[in-house]
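Structure first, commentary second.
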Amino acid sequence: MPQPPLWQPGPSEVQPDVKRRAVELVAALGAWPPGGQGAEAARARVAALGLPPALADQAGPLAPAVSEASLEVIDAQYGGILADSASVLVVCRQWTRGSDGPIAEGGTTVDVRLSRAEPRWTVTGLNPGDPGPAAATPSPGVAQVLAQPRIELPPEAAADLRSGTVHDSVVQAMLRLAGPYTLSVSVVRTGHPLDVFGTTRPSDHPRGRAFDVWRIDGRAVVDPATPRQLVESFMRDAAAAGSYNVGGPVAIPGVGSQFFTDDTHHDHVHVGFTA
């Protein structure tokens with residue numbers, strides 16, 4: 001079984017311990033040695049982190065009924081960060097194996113909710129994504145995205161596209177941006193909060209009208225060594241591809257601008273559409 005290292009936040013994170021806390025929990029729920037399966041063992045692993053054992057009951061697809069599992073956190077990005085509460089979207093790839101079977105590969109994205117506490121933030125809930133079944137036949141655009149090596153998709157984002165629930169505006173923008181860039185997508189539809197965090201305003205993600213990019217041309221958006229000009233260029237090109245709402249770590253001025261920046265988007269670029 002693959003044994004990837006545990007994901008760690010970089011030096012420029014807004015709240016590094018928030019992400020570290022979320023990743024530790026997801027890794028504890030989504031990976032175990034042979035014979036370590038089951039609810040009782042999962043609760044024990046959660047308790048060892050100093051978190052409520054009952055969180056294990058919310059693991060959903062992170063805890064399939066197999067004898068062995070390992071997990072890679074591809075990225076951890078904010079779904080929202082406020083003074084006393086946060087959402088961290090933990091993007092995962094998971095390998096599983098039954099007692100006598102081959103290794104299977106999959107993955108999910110988990111919306112981990114946290115609140116400020118001492119000495120560390122605590123987790124209050126888990127919301128694993130559920131893309132649903134794949135459509136019988138993918139649209140031509142979706143087939144192109146899935147086959148495009150310049151578009152890197154984690155398991156759940158790929159499943160979102162296969163489900164047929166993502167608007168064509170998203171698909172076409174991905175294909176257009178894959179001309180000048182290699183884009184690493186973190187979240188498309190599922191695994192994202194239903195509302196814009198801290199508000200009652202519906203997010204474009206669950207409606208299949210947005211996608212987030214955490215890495216551009218192999219450079220993480222959150223990394224201070226990534227040229228800001230690269231990020232700004234990508235944001236401007238996302239707007240040119242039809243996005244009405246482009247968020248990221250770079251402030252791009254303009255009256256009536258479709259660009260915005262805040263702490264939540266310090267670590268990724270959000271690309272949203274009206275339809």
Side-chain angles (χ1 to χ4, degrees), residues 2 4-27 71-82 86-93 107 109-112 114 120-121 148-158 173-174 176-188 191-193 197 205 210-241 243 245-253 259-272:
L6 186 66
W7 184 96
Q8 296 291 337
S12 63
E13 295 285 356
V14 173
Q15 287 279 6
D17 191 54
V18 173
K19 289 191 177 183
R20 188 178 292 112
R21 196 65 156 152
V23 166
E24 287 171 351
L25 175 61
V26 170
L71 182 133
E72 176 191 18
V73 173
I74 298 168
D75 186 45
Q77 79 166 48
Y78 287 121
I81 178 71
L82 302 175
S87 159
V88 177
L89 312 183
V90 184
V91 183
C92 304
R93 179 176 291 109
T109 296
V110 187
D111 174 10
V112 181
L114 305 98
R120 300 184 67 188
W121 285 61
Q148 172 54 260
R150 293 174 66 85
I151 302 174
E152 298 172 349
L153 297 165
E156 184 143 314
M174 285 184 180
R176 178 167 170 175
L177 289 166
Y181 306 98
T182 295
L183 50 149
S184 300
V185 174
S186 49
V187 178
V188 178
H192 191 280
F197 192 76
H205 283 278
F211 66 98
D212 291 342
V213 172
W214 72 275
R215 192 167 60 182
I216 304 164
D217 291 345
R219 311 289 294 269
V221 171
V222 74
D223 188 344
T226 298
R228 296 297 89 178
Q229 180 57 41
L230 173 64
V231 179
E232 178 175 342
S233 174
F234 183 85
M235 291 173 67
R236 291 187 181 278
D237 286 346
S243 175
N245 194 32
V246 182
V250 178
I252 301 177
F259 302 104
F260 70 95
T261 185
D262 55 24
D263 282 350
T264 296
H265 295 84
H266 178 72
D267 61 4
H268 67 282
V269 175
H270 166 85
V271 186

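For reference, positions follow the sequence shown, starting with 1. Since the model is a prediction, treat every value here as computed from it, not as a measurement.
- Within the 4.5 Å cutoff, the side chain of F211 has no heavy atoms near those of the I151 side chain.
- Looking at heavy atoms from C-beta onward, E13 lies out of side-chain contact with R20 at the 4.5 angstrom threshold.
- You'll find the side chain of M235 stays beyond 4.5 Å of the side chain of H265, heavy atoms only.
- Although no hydrogens or angles enter the test, the distance criterion places no donor-acceptor pair under 3.5 Å between the side chain of T264 and the main chain of G79.
- Between F234 and D217, every side-chain heavy-atom pair lies at or beyond the 4.5 Å cut-off.
- The main-chain N or O of A220 is found under 3.5 Å from a side-chain atom of T226 such that the two form a donor-acceptor pair.
- Between D212 and V271 the shortest heavy-atom distance is OD1-N, 4.4 Å.
- For the pair Y181/V213, no side-chain contact is recorded, criterion being any heavy-atom separation below 4.5 Å from C-beta on.
- At least one side-chain heavy atom of Y78 sits under 4.5 Å from a side-chain heavy atom of D267.
- The heavy-atom pair separating S186 from P154 by the smallest distance is O-CG, 3.4 Å.
- Using a distance-only test at 3.5 Å, with no hydrogens or angles considered, a donor-acceptor pair links the side chain of R219 to the main chain of A225.
- At distances below 3.5 Å, not a single donor-acceptor pair connects side-chain atoms of K19 with backbone N or O atoms of P9.
- A donor-acceptor pair under 3.5 Å is formed between the side chain of Q148 and the backbone N or O of R150.
- In this structure, the separation between CD1 on I74 and CD on E152 is 10.0 Å, given to the nearest 0.5 Å.
- Residues V222 and W214 are not in side-chain contact: their nearest non-hydrogen atoms beyond the backbone lie 4.5 Å or more apart.
- Atom CZ in F197 sits 5.0 Å away from atom CG in L82 (nearest 0.5 Å).
- S243 places a side-chain N or O within donor-acceptor distance of the main-chain N or O of G272, the cut-off being under 3.5 Å.
- Scanning both residues, I81 and W121, for their nearest heavy atoms gives CD1-CH2, 4.3 Å.
- Taking each heavy atom of D111 and S87 in turn, the nearest pair found is OD1-OG, 2.7 Å.
- Between L89 and P193 the shortest heavy-atom distance is CD2-CD, 3.8 Å.
- Side-chain atoms of E156 come within 3.5 Å of backbone N or O of T109 as a donor-acceptor pair.
- Taking 4.0 Å as the cut-off between side-chain N and carboxylate O, R236 and E232 count as a salt-bridged pair.
- Pairing each heavy atom of A157 with each of V188, the nearest pair is CB-CG2, 3.7 Å.
- The distance from the CG atom of L71 to the CG atom of L6 is 9.0 Å, given to the nearest 0.5 Å.
- Judged by distance alone, with hydrogens and angles left aside, the side-chain atoms of H270 form no donor-acceptor pair with the main-chain N or O of F260 at under 3.5 Å.
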